[in-house]
Amino acid sequence: MALGTRVAAVARLDLTLAAAGCTDIVRATRRTLDTLNLGAEEVEDILAALTGQYHLIRPLTRTNGSSLFLYLVLDRTRTNLTMARHHLCRIEATLEL
């Protein structure tokens, strides 16, 4: 379930459906790490690189936000992926949970 959204100009994107799909991706990633005995590792980001977009998922690392994540969809032609990741880190640090 999406707790909050902000949409700029992403056509044809159902954020409720995207949030549900991202939840499945985060769970599957964590299960895979546990299966590989990498459960002590923390997932910083999960990236899906499409031909025209980046979909960036950042699971929150704080204990009281461990089941939450930030989800960002970016226009690939206008994005600096490193800066986007940096900004997500800053956003996470300022969130009050």
How long is the gap from [atom1] on [X] to [atom2] on [Y], to the nearest 0.5 Å?
X: L38; Y: L33; atom1: CG; atom2: CG; value: 5.5 Å
X: L56; Y: L70; atom1: CG; atom2: CG; value: 9.0 Å
X: L72; Y: I57; atom1: CG; atom2: CD1; value: 10.5 Å
X: R27; Y: S67; atom1: CZ; atom2: OG; value: 9.0 Å
X: L36; Y: D34; atom1: CG; atom2: CG; value: 9.0 Å

(request) Take L47 and Y54 through the test side chain to side chain contact (heavy atoms under 4.5 Å, CB included) and record every step on the way to the result. (result) CA-CA 7 Å; L47 173 67; Y54 289 123; 3.9 Å; yes
(request) Please name the pair of heavy atoms, one in P59 and one in F69, separated by the smallest distance, quoted to 0.1 Å. (result)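 Looks like CA-CB, 3.7 Å.
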Partners passing side chain to side chain contact (heavy atoms under 4.5 Å, CB included) against [X] (at least two apart in sequence or in another chain):
X: D14; result: T16, L17
X: A28; result: R31
X: L50; result: Q53, H55

(message) Considering only residues two or more places apart or on different chains, which pairs with a residue in residues 24-48 satisfy ring-ring contact (aromatic ring centres under 6.0 Å, His included)?
(response)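 Every candidate ring-ring contact (aromatic ring centres under 6.0 Å, His included) pair involving residues 24-48 fails, so no pair, neighbours aside, qualifies.
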(request) Return each pair, listed once, that meets salt bridge (charged side-chain N to carboxylate O under 4.0 Å, His left out) where at least one residue sits in residues 38-50; pairs must be two or more places apart or across chains. (result)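 Output for this query lists E44-R85, D45-R58, D45-R85.
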Return the set of residues passing side-chain hydrogen bond (donor to acceptor under 3.5 Å, both in side chains) with [X] (not counting sequence neighbours), or none when no residue passes.
X: R78; answer: none
X: T77; answer: D75
X: H86; answer: none

(message) Counting only heavy atoms from other residues, nucleotides and ligands, does the tally under 6.0 Å from CZ of R76 exceed 12?
(response)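 Count over threshold, so yes.
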